[in-house]
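Encoded as structure tokens, the structure appears first; notes follow it.
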Amino acid sequence: MAVVGRVEDFVDAKPRAVEVDGHPVCVVRIGDRFFAVDDICSHAHYRLSEGDVYEEELEIECWKHGSTFSLLDGRPQSLPATRPIGVHRISVREDGSVEVELGGDK
Ligand code: FES
């Protein structure tokens, strides 16, 4: 479990790269909901935090070849990626800090 920032550090629908125990994680805020997924695409070594977020679909798009991934379960929703990305547990504490636990499935 690592604190990755405060609620106000995260802009709506703008992915942000953080590191948790040396692991690159992409944090996405959509309104009051927070998501944490692997920051590296499962297709090739590109950062998902540089891609776009689809708020209604709860997906993030890899900017390199356009695969989208579910922020809920990490599964690819479109080719060329075929393998899921990891989804991590993320929570907001009462004091407004945001923390991520690797490997939790949210
Ligand atoms: S590197 Fe992400 S879809 Fe190819």
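In this text, all values refer to a predicted model and were calculated from it rather than measured experimentally. Just follow the structure's listing: the first ligand is 1, and inside any ligand the first atom is 1.
Linking ILVMFWY residues whenever their side-chain heavy atoms come closer than 4.5 Å, directly or via other members, places Val20 and Phe10 in the same cluster. Following chains of ILVMFWY side-chain contacts shorter than 4.5 Å, one can reach Ile60 starting from Leu72, so the two form part of one hydrophobic cluster.
Centred on atom 2 (Fe) of ligand 1, the angle running from Cys62 (SG) to Cys41 (SG) is recorded as 110°, rounding to 10°.
Between the side chains of Thr68 and Ser78, a donor-acceptor pair is found at a separation under 3.5 Å. Side-chain contact check for His23 and Asp39: no donor-acceptor pair (N or O, by modelled atom type) lies under 3.5 Å.
Note on His43: not counted as a metal contact of atom 2 (Fe) of ligand 1, no N/O/S atom lying under 2.8 Å. The nearest N, O or S atom of His65 is closer to atom 4 (Fe) of ligand 1 than 2.8 Å.
For ligand 1 and Ser67, the ligand atoms under 4.0 Å from any heavy atom of the residue are 3 (S). The atoms of ligand 1 that sit less than 4.0 Å from any heavy atom of Tyr46 are 1 (S).
In this structure, Asp95 contributes its side chain and Ser97 its backbone to a donor-acceptor pair below 3.5 Å.
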